[in-house]
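Take a look at the structure set out below.
Lettering follows sequence order; numbering is per chain, from 1. Predicted model only: the values in this text are computed from it and were never measured.
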2 protein chains.
Amino acid sequence: MPVTIKDVAALAGVSPSTVSRTCKDHPSISRQTKEKVRQAMAKLGYEPNFQASSLATQNSRTVGIILPPSEWEAYQNPFYLEMIRGISQYCNQKQYINTVITGQNEDEILQAIKTMARTGLAEGFIVLYSREQDPVLDYLYEEGLLYVLIGKACRNVNQTIYVDNDNVLAGREAAEYLLNLGHVRIACLSGDHSLLYNHDRKMGYMLALAERGIPFDGQLCVEVPSVPEEQDQALAALFAREDRPTAVLVSDDILAVALEKACIGLGLSIPGDVSILSFNNSLLARLTFPPLTSVDVNACQLGIEAAAQMISHVENPELVATKIIVPHHLVERESCAGAGGFCGD
Amino acid sequence: MPVTIKDVAALAGVSPSTVSRTCKDHPSISRQTKEKVRQAMAKLGYEPNFQASSLATQNSRTVGIILPPSEWEAYQNPFYLEMIRGISQYCNQKQYINTVITGQNEDEILQAIKTMARTGLAEGFIVLYSREQDPVLDYLYEEGLLYVLIGKACRNVNQTIYVDNDNVLAGREAAEYLLNLGHVRIACLSGDHSLLYNHDRKMGYMLALAERGIPFDGQLCVEVPSVPEEQDQALAALFAREDRPTAVLVSDDILAVALEKACIGLGLSIPGDVSILSFNNSLLARLTFPPLTSVDVNACQLGIEAAAQMISHVENPELVATKIIVPHHLVERESCAGAGGFCGD
DNA sequence: CTGAAAGCGCTTACAG
DNA sequence: CTGAAAGCGCTTACAG
């Protein structure tokens with residue numbers, strides 16, 4: 001069953017070297033012999049052995065995909081699957097393989113990375129999350145391993161390759177959208193700020209308000225821990241004040257669902273009493289009631305670009321660290337209305 | 001930087017063969033030399049090269065993970081990530097690597113599988129979904145490739161290794177739970193029935209009703225296509241009849257969220273007017289309002305067992321096709337109430 | 001333009 | 001109990 005380069009060489013009446021060279025379309029091989037060899041390859045269904053060529057070229061053609069520790073709540077975000085899909089798609093096409101690395105916590109992940117790096121298994125790593133002071137990122141950097149980050153780099157910015165959305169801009173545009181609907185008391189609800197995108201989106205929100213001369217009100221900004229149980233109070237508190245917000249910018253669909261839940265609990269209708277604008281545009285955004293207006297960040301594209309950067313750096317080590325910005329776009333649904341509220345009670 | 005077996009051999013004053021053998025704790029090597037070699041390995045931080053050992057043993061130690069085509073709606077289910085996590089965890093630990101395979105549609109996936117199989121890249125494939133008449137599954141079977149299926153096999157049952165929940169039992173227990181709450185008109189809402197677990201859960205539901213002597217009412221069973229837009233009518237129709245159901249069994253959390261949405265639209269309160277019991281117990285189940293009582297199917301464990309089966313079959317080809325059943329358990333939250341309804345309007 | 005040869009870093013019968 | 005040697009299937013200077 002396993003047909004090797006020798007079989008092809010024999011059938012075509014050339015040496016293995018020649019077969020190898022026509023596989024990579026080496027210019028020195030004549031058109032005629034290439035043709036002969038290709039026919040032999042086709043007839044035998046030859047495909048070069050991956051391991052052997054890895055060994056010979058000293059390129060394992062595999063990239064590690066690092067998921068956040070599974071103990072993080074955010075872990076279950078469909079977002080990650082989308083990025084994996086993008087990476088996988090690009091890798092499949094370039095004949096690279098990807099291996100996902102997970103662990104309960106950072107130690108387990110570090111352990112896995114270490115052995116992969118030492119066994120020469122992975123050429124580099126794509127990290128699916130970006131956080132301040134992340135031990136995994138620090139390790140990668142210190143060891144001089146190749147990695148690309150999805151999300152903005154925080155340390156060693158100049159030396160790290162990353163692909164990200166312009167989250168400040170996204171946050172700003174989202175806030176402007178609400179502003180344009182006439183909202184003034186706009187709250188900002190976000191997850192863990194050590195995750196950079198949460199932070200950036202809030203910055204954008206602040207910029208947009210500042211630009212309109214709306215004073216910043218810290219009490220309107222709540223950062224919630226990841227455990228849902230504990231969120232309820234924080235969310236309720238947001239609406240407890242007299243001049244409660246009429247709109248909320250939420251950093252993720254999952255959180256937005258939790259917010260919708262809180263609103264229902266408080267008897268607030270959406271978008272009648274409060275408008276909700278969220279990010280990531282996952283399946284959830286379409287399914288909840290009301291369907292969420294959400295900023296799509298093109299997660300799959302983030303994955304594709306990350307894989308593309310990875311592979312081009314593997315193959316051209318002299319390349320310098322680039323930064324890629326993937327566009328976002330707002331998808332309008334039914335969770336936002338004018339400030340007056342026209343579905344109100 | 002790359003320390004090889006020769007370096008270790010040199011330092012320990014033995015031959016490479018001996019180093020190789022002590023790596024695998026071969027019994028014929030004396031305790032003393034093993035000790036010597038281990039010290040040398042530790043000092044140099046030696047880790048055998050993955051590609052080289054793959055090539056020599058003719059075992060690539062990599063397993064392909066096949067996701068459903070991304071054009072399926074179900075694709076975004078966090079469920080898949082959980083299974084990937086389980087697989088990845090087990091593989092990492094056994095020093096195997098996993099590569100995820102995706103594609104827009106089945107053709108793209110088939111293409112990727114073909115080249116992986118021919119390049120000797122993957123020893124086998126774990127298929128994350130099980131469907132009637134699936135071309136991917138058929139291909140795998142016909143080519144005699146090693147694969148394990150997560151979900152029940154439909155064709156070639158005796159020859160396929162699979163790991164699954166007992167979905168019939170799960171459906172039955174779930175229905176019994178509602179029955180025990182006093183519900184009689186229980187609807188069953190499920191996704192695409194060509195996905196076997198949807199079918200099985202419904203079978204369980206039918207069994208439970210039959211056992212209580214409740215006549216089966218086909219109109220209470222709705223199978224929805226995956227596109228949310230089209231679901232709304234089907235869901236609304238369920239509640240349009242005079243003797244509307246007081247409880248519904250839903251085959252997945254995502255669908256349950258859509259159902260909650262429909263109920264709100266119809267002015268039905270949960271669980272006051274209708275109880276909802278769903279499956280999969282994803283993050284969603286906790287976040288929506290009200291939080292969903294849901295059957296947890298241990299997705300991560302499904303992944304772990306699948307990987308374990310895969311690896312043991314790679315290493316022992318004579319093994320016969322086993323079937324593994326992973327347990328489920330019901331997680332009670334707030335979406336189910338007694339048939340009378342005590343939160344009603 | 002093409003081939004013989006050495007090499008990638010392991011493994012494993014075969015000798016001893 | 002240990003080592004020399006051949007081999008896994010490719011690649012790529014080096015000759016010609």
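- With both ends at atom C1', the span from C/dT12 to C/dG16 equals 16 Å, rounded to whole Å.
- Here A/T57 lies in heavy-atom contact (under 4.0 Å) with sugar-phosphate atoms only.
- One interatomic measurement links the two molecules: CD of B/E35 to P of D/dC1, which rounds to 16 Å at whole-angstrom precision.
- If you check every strand for non-hydrogen atoms under 4.0 Å, A/T4 touches sugar and phosphate atoms only.
- Remark: A/D164 does not engage A/K323 in a salt bridge, criterion side-chain N to carboxylate O under 4.0 Å.
- At the heavy-atom level, A/F50 lies nowhere under 4.0 Å from the strands shown.
- Listed nucleotides: D/dT2, C/dG3, C/dT11. Nearest to the side chain of B/I29: D/dT2.
- As a whole-Å value, the separation of A/Q58 CD from C/dG7 P is 14 Å.
- For the pair A/D25 CG and C/dT2 P, the interatomic distance rounds to 13 Å; values are reported in whole Å.
- The shortest distance between side-chain heavy atoms of A/I113 and A/L140 falls below 4.5 Å.
- As a whole-Å value, the separation of B/I5 CD1 from D/dG7 C1' is 15 Å.
- Side-chain N/O atoms of A/S30 include one lying less than 4.0 angstrom from OP1 or OP2 on C/dT2.
- Across all strands shown, nothing is found opposite D/dA13 as a Watson-Crick or G-U wobble partner with both distances under 3.5 Å.
- Side-chain N/O atoms of B/K6 include none lying less than 4.0 angstrom from OP1 or OP2 on C/dG9.
- Residue B/Y46 contributes atom OH, which lies 7 Å from atom C1' of C/dC10 at whole-angstrom precision.
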Determine whether B/E106 and B/R131 satisfy the following criterion, salt bridge (charged side-chain N to carboxylate O under 4.0 Å, His left out), listing intermediate values before the conclusion. CA-CA 12 Å; B/E106 272 137 351; B/R131 208 175 45 143; 2.3 Å; yes
Quick one: do A/K34 and A/D25 satisfy salt bridge (charged side-chain N to carboxylate O under 4.0 Å, His left out)? Show the steps, please. CA-CA 8 Å; A/K34 268 183 189 166; A/D25 206 15; 2.9 Å; yes
List the steps, then state whether side-chain hydrogen bond (donor to acceptor under 3.5 Å, both in side chains) holds for B/S17 with B/S20. CA-CA 5 Å; B/S17 326; B/S20 176; over 6 Å; no
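- Nearer the 5' end of DNA chain D, as judged by each residue's closest nucleotide, is the contact made by B/K36, out of A/S53 and B/K36.
- Between B/R118 atom CZ and D/dG9 atom P there is a gap of 17 Å when expressed in whole angstrom units.
- For the pair A/L121 CG and C/dC10 P, the computed distance is 13 Å after rounding to whole Å.
- D/dA4 is unpaired under the criterion used here, namely a Watson-Crick or G-U wobble arrangement in which both key atom distances are under 3.5 Å.
- Projected onto DNA chain D by closest heavy-atom contact, B/R21 and B/A52 fall at different nucleotides, the more 5' of which corresponds to B/R21.
- Contact annotation: B/T33 reaches the phosphate of D/dT2 (side-chain N/O to OP1 or OP2, under 4.0 Å).
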A/S70 and A/T102: side-chain hydrogen bond (donor to acceptor under 3.5 Å, both in side chains), yes or no, with the steps? CA-CA 7 Å; A/S70 60; A/T102 48; over 6 Å; no
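- For A/Q51, no side-chain nitrogen or oxygen approaches OP1 or OP2 of C/dC8 to under 4.0 Å.
- Contact annotation: B/S20 side-chain N/O to C/dT11 OP1/OP2 distance is under 4.0 Å.
- Note on B/S28: every side-chain N or O is 4.0 Å or more away from OP1 and OP2 of D/dC1.
- Listed pair A/S17 / C/dG3 fails the phosphate criterion, with no side-chain N or O lying under 4.0 Å from OP1 or OP2.
- Atom CD of B/E123 is separated from atom C1' of D/dC8 by 13 Å (rounded to the nearest Å).
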